[in-house]
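What's counted below: heavy atoms across the whole structure, side chains too, no hydrogens, waters or symmetry copies. As the structure is a computational prediction, the values presented were derived from the model and not from experiment. Positions are given from 1 along the sequence.
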Amino acid sequence: MTQVSAAAVTSTDGPAHGVRKKTALPAWPVASILAFYPIWWALGLGVLIFALMAVPMLFLLIRRRTAGRPLRLPPGFAWWAVFLIAVVVSIGALGADPTGTVAGHAEGRLLPAGYKAVMYAALTVLLVYAGNLTEAELPRKRLVKLLGWLFVVTVLGGLLGMVAGNFEFTSPVEWLLPSGVRNKGFVQSLVHPYAAQIMDIVGEGQPRPAAPWGYTNTWGNNFCLLAGWLVVAAWQTRSGKAKFWAVVCLVVSVVPAVVSLNRGLWIGVGVLVLYVAVRYVLAGRLWIIGAVAVAGAVLGVALIATPLGDVVGARLDNGKSNGVRSFLIDRALDGFQDSPVIGYGGTRNTLGGRNSITVGESAGCERCGNFTVGGNGQLWQLLYAHGAVGTAGYLGFFAYGLWRFRRDRSAIGVAAGGAIVTSFSAMLWYNSLVTPLAFMVLAYALLWRNSTEGETT
């Protein structure tokens, strides 16, 4: 009788253990993207790593589902599904030539539109995968540390852009591509690593930090999205040394943030600080008012006592991009009125510039015309490329998350909410694909996991 029972136990434990192994989700697809992003950037994979890692993530999710373990979708996912459907449906309008834009064919616009659709799908997989990971598979505190690490990487990239603005190199992936492919501007933006973008905003040949995010605007966007995670990571650790170096990193980050001449970044940091302060005041933690006041005073003194103040003043006095942005917003809204439901499937280039349709981009004046409608902010791109349906789905998803998780007063909850709120202000002048949206969905995943696994400080 004892032998039969033992056999029964053995035969039951074996398959059950096998099922558990099949249904477990390893952390490495998410963790490796974040931990090794500087390496991916140097290899020329950069944002492409999100699409590459989406393949094993999707396989592992399907394997777990077929093994009988339920697959959870984030709250409000119906909104996101509406957005994804709008992205696909709007591809049918790629052949349209809106008034005032350069004529073209759907085939020529399919590659960039398809690239965006693939990236939206890849980040959807990232959202679902990160949200389905358990505390045993990838602790939330570890995910926070990885995001905080990327803020450190952003600051280091900013310093690199300041001291070596012309630094660039040919990546291994770039070497492998045929010359006719790798020399295209779009491909270069994906596989060619460089430290800064050289622009003449307040002076000739001014380097503006971009590494490792590809563009100065993306660098500024990610700065705002990741800053809170370094604070939370330091908050959670018991190490005084870790807290000290986190403070040092935040102080040092002011320098590249100012030198970047990125007004959107400055506004984003202000929005983030205001949001966090309001959340803490509502929670009865009034000490935050004093902390913000002290930090503001220190920043003010630093701007007055150092050349950084002159940099800020020069940038505010030189709003060269204001006219172009206003012009593109008008074009985006005009296009939205002509195709309000599904948009045009992607961006378009304007005929000429602001003042004349005969002015265009040239080797001597790259920014004189043929501007990209929808390239000056995620909101304008959503309206223009995917219409009211796509815009409502995109905004509805993140707005629903903010409302659904509004009572999460943990450090992670406040930081995640702050990242999403900051992204709402940023969408007026920054585009979100790829890395900014990746950090937005990871913030959403952390809010979601907090609600199912219990809030963590």
Side-chain angles (χ1 to χ4, degrees), residues 79 83 86-87 116 120 123 197 199 201 208 210 213-228 257-258 260-276 278 312 315-316 318-337 340 343-344 346-348 350 354 367 371-402 416-441 443-444:
W79 286 102
F83 166 67
V87 170
K116 291 174 184 174
Y120 282 131
L123 297 185
Q197 288 186 280
M199 299 181 179
I201 294 179
R208 302 179 67 196
W213 308 119
Y215 296 100
T216 295
N217 282 347
T218 306
W219 185 90
N221 199 352
N222 288 341
F223 185 103
C224 297
L225 288 167
L226 296 169
V258 171
S260 72
L261 305 174
N262 204 321
R263 293 171 298 175
L265 185 161
W266 304 342
I267 294 172
V269 170
V271 170
L272 177 62
V273 171
L274 180 61
Y275 173 83
V276 172
V278 170
V312 173
R315 180 63 180 101
L316 296 178
N318 289 273
K320 294 181 179 180
S321 63
N322 294 347
V324 174
R325 287 187 176 277
S326 298
F327 171 71
L328 290 175
I329 290 171
D330 290 340
R331 298 288 79 76
L333 293 177
D334 289 343
F336 172 69
Q337 291 176 2
Y344 297 104
T347 58
R348 299 289 190 276
T350 62
R354 302 186 277 152
R367 305 180 69 186
F371 304 117
T372 303
V373 183
N376 63 313
Q378 184 70 9
L379 177 60
W380 317 120
Q381 183 168 123
L382 289 170
L383 290 170
Y384 192 81
H386 309 303
V389 176
T391 304
Y394 184 99
L395 297 180
F397 176 67
F398 289 107
Y400 177 84
L402 284 175
I420 295 174
V421 168
T422 301
S423 73
F424 278 175
S425 68
M427 67 170 32
L428 297 174
W429 35 77
Y430 295 146
N431 292 94
S432 296
L433 214 60
V434 175
T435 50
L437 185 56
F439 302 140
M440 288 167 63
V441 301
Y444 201 106

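Among N221, N262, N217, the one residue that satisfies the side chain to side chain donor-acceptor pair (under 3.5 Å) test with Y430 is N262. With respect to W380, the side-chain contact (heavy atoms from CB on, under 4.5 Å) criterion is satisfied by exactly one of I329, T347, L328: I329. The one candidate from F398, Y120, F397 that meets the ring-ring contact (aromatic ring centres under 6.0 Å, His included) condition with F83 is Y120.
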In residues 265-276, what donor-acceptor pairs under 3.5 Å come from side-chain atoms, sequence neighbours left out?
residue : atom : partner : partner atom : Å
W266    : NE1  : A257    : O            : 2.9
Y275    : OH   : R279    : NH1          : 2.6

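Taking both residues in full, the closest heavy atoms of A86 and V389 are given as CB-CG1, 4.0 Å, listed atom of the first, atom of the second, then distance. Counting all heavy atoms, side chain and backbone alike, A419 lies closest to A443 at CB-CB, 4.3 Å. Closest non-hydrogen pair, S432 versus Q378, comes out as N-OE1, 3.0 Å. Contact detail for M440 and Y394: the closest heavy-atom pair is CE-OH, 3.8 Å.
Under the rule for a salt bridge (charged side-chain N to carboxylate O under 4.0 Å, His left out), the partners of D334 that lie at least two apart in sequence or sit in another chain are R331. Annotation: side-chain contact (heavy atoms from CB on, under 4.5 Å) contacts of F336 (sequence neighbours excluded): P340, L383, A388. Take F439 and apply the ring-ring contact (aromatic ring centres under 6.0 Å, His included) test, not counting sequence neighbours, and it matches W213. Residues satisfying the ring-ring contact (aromatic ring centres under 6.0 Å, His included) criterion with F223, sequence neighbours excluded, are F151, W219. For T216, the side chain to side chain donor-acceptor pair (under 3.5 Å) criterion is met by Q197, not counting sequence neighbours.
Side-chain contact check for Q381 versus K116: some heavy-atom pair is nearer than 4.5 Å. Inter-residue side-chain proximity for F424 and L402 is flagged as met; some heavy-atom pair is nearer than 4.5 Å. Within the 4.5 Å cutoff, the side chain of F327 has heavy atoms near those of the F371 side chain. At least one side-chain heavy atom of L395 sits under 4.5 Å from a side-chain heavy atom of M427.
With hydrogens and angles ignored, the 3.5 Å screen pairs no side-chain donor or acceptor of Y384 with any backbone N or O of V373.
In this structure, CG in L225 is found 8.5 Å from OG1 in T435, a value given to the nearest 0.5 Å. For the atom pair L437 CG and N431 CG, the distance stands at 11.0 Å (nearest 0.5 Å).
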